[in-house]
Amino acid sequence: MTETDLLARHRAAMPNWLALYYDEPIEIVSGRGRHVTDGDGRTYLDFFAGILTNAIGYDIPEISDAVRRQVDTGVLHTSTMYLIRNQVELAEKIAALSGLDNPKVFFTNSGTEANETALMLATQHRRSNQVLALRNSYHGRAFGTVAITGNRGWSASSLSPVNVSYVQGGYRYRSPFRDFSDADYIAACVDDLREVIETTTSGDVACMIAEPIQGVGGFATPPDGLFGAFAEVLAEYGIPLISDEVQTGWGRTGEHFWGIQAHGVTPAAMTFAKGLGNGLAIGGVVAEAELMDCLGANSLSTFGGNPVATGGAKAVLDYLLEHDLQANAAKVGGMLLDGLRAHAERCALIGDVRGKGLMIGVELVAPGTDRPAPASAARVMELAKQRGLLVGKGGLHGNVLRVAPPMTLTEEEAAQGLAVLAESISLAEQEFSA
């Protein structure tokens, strides 16, 4: 069966709103290291890692062996009604790495479910349905998480179980404060936060939830210290800060293990998912015990924290720490950032290059303007794919290339991918100029 046949079957059986990349979508059938192979036998260097999920790469023996050991027991599932050794041991590791004072951990199946859990905890603890979120944010595809998503392209409904107020700060490139210095930008956003609390809420807000770097929003990266300044205002009102680390966690930003650490603040809770499982379905919340234990009714997670996912995730976390992949993300990510910023100086199609570590956004604009160029972004993706490189796309206007390879990326692979991406951007610029 060809990929064309599979695409026809996909469109017949799956929802119309289920997004696919490329004019001719591909099926990835195998992978090794940082490379994947499609159904037609073409091999690509993967610079998107399944939306930052394959954090270690493909065909990693230490992770595969851990999964096999659990599968060989014959127990794929027990549910949280029973003790799960892998779950407890993984929770202990994450709690120790969290930096929270008295942390507890709850596991889910995805980042969406993790953020839904965080909303439930915060609204119950504060006895309020008011939530502060950032413009251009994305927190998931479920009812509550869509409600706190400040990006029209991913917000399918105006109906909401929470009362949301959106503040400035995450997306600097198109902010009215974009030309301010870092200090003045932070001050202006803090003033906006205070005004939003005073004018659009009744004061007893359940929480603020924020991505340290906005993922789907195009890897929008605010100045370091922004959320620390926000936290000072939030503390005046007793509002807890929740950091959505679904994309920024596990050292991907290079500088810190958690993205929020760049801002000099420890949140009340962090949500996580994606890279922890290296492809296995796992997410969760690590929170201060007072917040985590606030529920007054029984709860459970049928599949969350199952023995297979937590066994594999333990191996992922061990591998990541033992090989210091945070340092590698800083090193090779710096190479990519420097190379893309240098290319931007001679390429008018690039409006902005931003990010940290192996989490890089390249915003494309109509040359000579700051108007979004989504067609150019789509074309660059096609050109890069033709040359053996997979990248992602996002941003409020769909005009941002998202670069997020596995954290095991080598310097040689970084140079190879950079060359292909730069060439593809230049070719797209020439095509659209013509």
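We use all heavy atoms of the structure for the numbers below, so side chains are in, but hydrogens, waters and symmetry mates are not.
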Please report the interatomic distance CG(Leu226) to SG(Cys189), rounded to the nearest 0.5 Å.
5.5 Å
Does Asp318 form a side-chain contact (heavy atoms from CB on, under 4.5 Å) with Glu62? I'd like the steps, not just the answer.
CA-CA 9 Å; Asp318 287 343; Glu62 292 88 338; over 6 Å; no
What pairs of donor and acceptor atoms, side-chain ones from residues 293-301 against any protein atom, are under 3.5 angstrom apart with sequence neighbours left out?
| unit_1 | atom_1 | unit_2 | atom_2 | d |
| --- | --- | --- | --- | --- |
| Asp293 | OD1 | Lys104 | NZ | 3.4 |
| Asp293 | OD2 | Lys104 | NZ | 2.9 |
| Ser301 | OG | Gly304 | N | 2.9 |

Any donor-acceptor pair under 3.5 Å linking the side-chain atoms of His139 with those of Asp244?
yes
Taking all heavy atoms of Pro267 and all of Ile260, pick out the closest pair and write down the distance.
CD-CG2, 3.9 Å
For Tyr22, is the NZ or CZ atom of Lys385 found under 6.0 angstrom from the centre of its six-membered ring and inside 45 degrees of the ring axis?
yes
Checking Asn328 side chain against Leu409 main chain: does a donor-acceptor pair fall under 3.5 Å?
yes
Passes side-chain contact (heavy atoms from CB on, under 4.5 Å), Glu116 versus Thr108? Steps please.
CA-CA 10 Å; Glu116 288 280 346; Thr108 65; over 6 Å; no
With a 4.5 Å cut-off on side-chain heavy atoms, are Asp65 and Arg69 touching?
yes
Decide whether Glu413 and Thr410 meet the rule of one side-chain donor and one side-chain acceptor closer than 3.5 Å.
yes
When rounded to the nearest 0.5 angstrom, what distance separates OG1 in Thr37 from NE2 in His35?
9.0 Å
Side-chain H-bond candidate by donor/acceptor type, Gln130 with Ser165, under 3.5 Å:
no
Distance-only donor-acceptor check, side chains Ser137 and Thr149, under 3.5 Å:
no
To the nearest 0.5 Å, tell me how far Met270 CE sits from Leu241 CG.
10.5 Å
With a 4.5 Å cut-off on side-chain heavy atoms, are Tyr319 and Ile60 touching?
yes
Check whether Thr112 reaches the backbone of Arg141 with its side chain - one donor and one acceptor, N or O, closer than 3.5 Å.
yes
Any residue meeting side chain to side chain donor-acceptor pair (under 3.5 Å) with Thr117, in chain and number order, not counting sequence neighbours:
none
Electrostatic pair Arg172:Asp352 at N-O distance under 4.0 angstrom
no
Taking the side chain as C-beta and beyond, is there a heavy-atom pair between Phe272 and Phe107 under 4.5 Å?
yes
Taking the side chain as C-beta and beyond, is there a heavy-atom pair between Leu389 and Tyr44 under 4.5 Å?
no
Do any N or O atoms from the side chain of Asn278 and from the backbone of Gly57 form a donor-acceptor pair under 3.5 angstrom?
yes
Determine whether the side chains of Glu198 and Tyr237 contain a donor N or O and an acceptor N or O closer than 3.5 Å.
yes
Verify side-chain contact (heavy atoms from CB on, under 4.5 Å) between Val162 and Ile148, making sure each step is shown before the conclusion.
CA-CA 8 Å; Val162 289; Ile148 58 171; 4.0 Å; yes
When rounded to the nearest 0.5 angstrom, what distance separates OG in Ser157 from CZ in Phe143?
5.5 Å
Under 3.5 Å, which donor-acceptor pairs do the side chains of residues 355-364 form with other protein atoms, sequence neighbours left out?
| unit_1 | atom_1 | unit_2 | atom_2 | d |
| --- | --- | --- | --- | --- |
| Lys356 | NZ | Asp224 | OD1 | 2.4 |
| Lys356 | NZ | Asp224 | OD2 | 3.4 |
| Lys356 | NZ | Glu255 | OE1 | 3.2 |
| Glu363 | OE1 | Tyr171 | OH | 3.0 |
| Glu363 | OE1 | Arg354 | NH1 | 2.8 |
| Glu363 | OE1 | Arg354 | NH2 | 2.9 |
| Glu363 | OE2 | Tyr171 | OH | 2.8 |
| Glu363 | OE2 | Arg174 | NE | 3.0 |
| Glu363 | OE2 | Arg174 | NH2 | 3.0 |
| Glu363 | OE2 | Asn399 | ND2 | 3.2 |

Using a 3.5 Å distance criterion without hydrogens, assess whether the side chain of Gln247 forms a donor-acceptor pair with backbone atoms of Gln214.
no
Ser110 and Glu113: CA distance, side-chain angles, deciding distance, side-chain hydrogen bond (donor to acceptor under 3.5 Å, both in side chains) verdict:
CA-CA 5 Å; Ser110 68; Glu113 193 182 334; 4.5 Å; no
With rounding to the nearest 0.5 angstrom, report the CD to CG distance, Glu232 to Leu193.
11.5 Å
Would Asn54 and Asp46 satisfy side-chain hydrogen bond (donor to acceptor under 3.5 Å, both in side chains), going step by step from the backbone distance to the final call?
CA-CA 10 Å; Asn54 298 307; Asp46 186 4; 4.9 Å; no
Donor-acceptor pair between Glu245 and Ser243 side chains, under 3.5 angstrom
yes
Is the shortest heavy-atom distance from the side chain of Val316 to the side chain of Trp250 under 4.5 Å?
no
Does Tyr173 have Arg178 sitting over its ring (NZ/CZ under 6.0 Å from centre, angle to axis within 45°)?
yes
Before you tell me yes or no, could you show the steps for Tyr58 and Val36 under side-chain contact (heavy atoms from CB on, under 4.5 Å), namely the whole-Å CA-CA distance, both residues' side-chain angles and the distance that decides it to 0.1 Å?
CA-CA 8 Å; Tyr58 302 88; Val36 295; 3.4 Å; yes
Does any part of the side chain of Val403, heavy atoms only, come nearer than 4.5 Å to the side chain of Phe48, both counted from C-beta?
no
I want to check something: taking the side chain as every heavy atom from C-beta on, are Gln261 and Thr253 in contact at a cut-off of under 4.5 Å?
no
Compare all side-chain heavy atoms of Asp38 with those of Val29 and state whether any distance is below 4.5 angstrom.
no
Between Pro307 and Leu76, what is the shortest heavy-atom contact and its length?
CD-O, 3.7 Å
Test salt bridge (Lys or Arg N to Asp or Glu O under 4.0 Å) applied to Asp191 and Arg194, step by step:
CA-CA 5 Å; Asp191 288 344; Arg194 190 182 297 278; 5.6 Å; no
Looking at Asp40 and Arg42, would you say the former's side chain and the latter's main chain have a donor-acceptor pair under 3.5 Å?
no
Does Gly215 offer a backbone N or O that forms a donor-acceptor pair with the side chain of Glu211 under 3.5 Å?
yes
Between Asn115 and Thr271, is a side-chain hydrogen bond (donor to acceptor under 3.5 Å, both in side chains) present by the stated rule, with each step listed?
CA-CA 6 Å; Asn115 285 328; Thr271 59; 2.8 Å; yes
When you check the gap from the basic side-chain N to the acidic O, do Asp72 and Arg68 get nearer than 4.0 Å?
no
Taking all non-hydrogen atoms of both residues into account, name the closest pair between Ala313 and Leu90 and its distance.
CB-CD2, 3.6 Å
Nearest non-hydrogen partners of His263 and Gly225, listed with the distance
ND1-N, 3.0 Å
